[in-house]
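Here is how names work: the chains are called A, B, and so on, in the same order as the sequence lines, proteins then strands, and each is numbered from 1. Heavy atoms only: backbone and side chains are in, while hydrogens, waters and symmetry mates are out.
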4 protein chains.
Amino acid sequence: MAGVNKVILLGNLGADPEVKYLEGDNVVAKLRLATTESYKDKTGNRVEQTEWHDLEIWGALAKVAEQYLRKGSQLYAEGKIKTDSWQDEQGQNRYRTKIRVLSFTMLGGKPDGNDNQASPQQSTQQRPASAAPTSAPKAQEMVSDTEDDDLPF
Amino acid sequence: MAGVNKVILLGNLGADPEVKYLEGDNVVAKLRLATTESYKDKTGNRVEQTEWHDLEIWGALAKVAEQYLRKGSQLYAEGKIKTDSWQDEQGQNRYRTKIRVLSFTMLGGKPDGNDNQASPQQSTQQRPASAAPTSAPKAQEMVSDTEDDDLPF
Amino acid sequence: MAGVNKVILLGNLGADPEVKYLEGDNVVAKLRLATTESYKDKTGNRVEQTEWHDLEIWGALAKVAEQYLRKGSQLYAEGKIKTDSWQDEQGQNRYRTKIRVLSFTMLGGKPDGNDNQASPQQSTQQRPASAAPTSAPKAQEMVSDTEDDDLPF
Amino acid sequence: MAGVNKVILLGNLGADPEVKYLEGDNVVAKLRLATTESYKDKTGNRVEQTEWHDLEIWGALAKVAEQYLRKGSQLYAEGKIKTDSWQDEQGQNRYRTKIRVLSFTMLGGKPDGNDNQASPQQSTQQRPASAAPTSAPKAQEMVSDTEDDDLPF
DNA sequence: TTTT
DNA sequence: TTTT
């Protein structure tokens, strides 16, 4: 049966995106996103609880993330849950769950550091010139993974 | 900042719920849910990809799950992502991600086995009499976690 | 700023889809979907409240709806809210809100009538032969609007 | 059958909230929220399309909205669709759809006007003293409708 | 007008 | 380990 596997997150980045350029013009960006929930415990004290999420963004979307997202950025993201499993050296099953982001939009949060946004020059330097998007979306657009990418997952 | 951490799943149970009655009248039900996605690969062949999710349900909701859900049941669930982390014996960081279900509704899928639904007697036997819900929801209602439960997580 | 306008519905169809074939090979299917909520009022009585939604599905998705959905079908749908407004003959502002469905999946609900599913022959008769999908999705797949359709809305 | 009727919106307010204090300590806040979508048309031009939504917030949540939300505020909101219908003087069926907000969180967007947030004094003046919340949430918390309110809808 |  |  067709299923639904949908995640909606709104939070802040714990660090700048980590971007890797792979063979075949593939790109992946990894993000750490914190979602904080605040509630009152039974004694009436306000408690904050933060959950950290590993996000993975592929393709053209990853380049947008690289260009616009920074540590501290406030982000709305939609995606799906993916759990990798493997056996470690001790023969034990290991699991790691991440969110495959399919679309996101940057919100008003102010990123960390001096530049409130990386200059195109800067980020171009970190990647092959051929990877430069010909028509980059603006910073505050909803960008979507077209999923016509034939990535190996 | 207040965040959003929301998961929406629709799939089928891989096994009957595992229910544990804890001290202090707490109950937890653990479920394995499969969400299957079907798409065409680049050669035009239809491919099915199944993702397995660990669901955790607490309190009165867990009792409803115990009573009505079975291996094969089709389920719509909403909840949030929670990742537990700890150090194993080798001192390595270990992670396990689950979905804390906050509401669910059972869909038309036919559960496995002879009884299409566990009899109240059966499931009552597995738990302290005091835990019997005075006014159980019907099978196909949207049931919600009130979260006034002060559970330790 | 980029926004989010997302609707998630799970309910039953109040009638068969109404399908119209337009010029230029466009197709639109209109559905009426009921979502029922059940809760206890202050006197402890269980109350059911049903909300009716106007769904609109375009393109290839509409053809899938025509082929597989029937009065009574249980449906999970995602889409976005669209409100049309116009002035009536009295010069008053009129509004009508509908859900533009972008993907859906048919659930286990049993449709009405003798056939539990319209035969392809039947539904083909109602539309131009050229509109027949070359590779129709199966009934219980998640089908998505590609939105490369350049429709006038 | 239990259904799902869920709306997720992220956008900006077109005006300050309109708040009404009703008998029996009930409060309702009405908001106009714009969600903007941006895409490229077939000629490659970027097009912006804005959808306006009527939001309705009840009870304690309404008071938080009154206190913190302003024209221009960026808002994430969850709720459900409600359509009112009635007959007008000409005997015609009329419909009006709104979103009953069940939780929201204010994002980083800067509200319009001189004060970036209404002072408690200001907003207290507009309402009966008895309506003052004893322990107001902070501006950027996710606030939720408890729905134990027995409102007539 | 659906469903349980 | 589910489902179609």
Legend entry - Atom-to-atom span, CG of B/D16 to C1' of F/dT3 - whole angstrom: 15 Å
Inset, instruction - Whole angstrom is fine here: how far is it from CD in B/Q49 over to P in F/dT3? - result: 19 Å
Legend entry - Note, D/K6 side chain near B/E78 side chain (heavy atom, < 4.5 Å): yes
Legend entry - Salt bridge flag under 4.0 Å for residues A/D84 and A/K98: yes
Inset, instruction - Whole angstrom is fine here: how far is it from NE2 in C/H53 over to C1' in E/dT3? - result: 13 Å
Inset, instruction - Would you mind telling me which of F/dT4, E/dT2, E/dT4 lies closest to the side-chain atoms of C/A34? - result: E/dT2
Inset, instruction - Take the protein atom CD of C/Q74 and the nucleotide atom P of E/dT2, then report the distance between them rounded to whole Å. - result: 15 Å
Inset, instruction - Using whole Å, report how far OH of C/Y39 lies from P of E/dT4. - result: 21 Å
Inset, instruction - Kindly write out the residues that satisfy side chain to side chain donor-acceptor pair (under 3.5 Å) with B/S103, not counting sequence neighbours, or none if the list is empty. - result: none
Inset, instruction - Go through F/dT2, F/dT4, E/dT3 for me and flag the one nearest to the B/N12 side chain. - result: F/dT2
Legend entry - Gap between atoms CG and C1', on B/L33 and F/dT3 respectively (whole Å): 10 Å
Legend entry - Residues forming a side chain to side chain donor-acceptor pair (under 3.5 Å) with B/D88, sequence neighbours excluded: B/R94
Legend entry - Side-chain donor/acceptor of C/S73 to base of E/dT2, under 3.5 Å: no
Legend entry - Gap between atoms CE and P, on B/M106 and F/dT3 respectively (whole Å): 14 Å
Legend entry - Value in whole Å for how far the C1' atom of F/dT4 lies from CG of B/L10: 14 Å
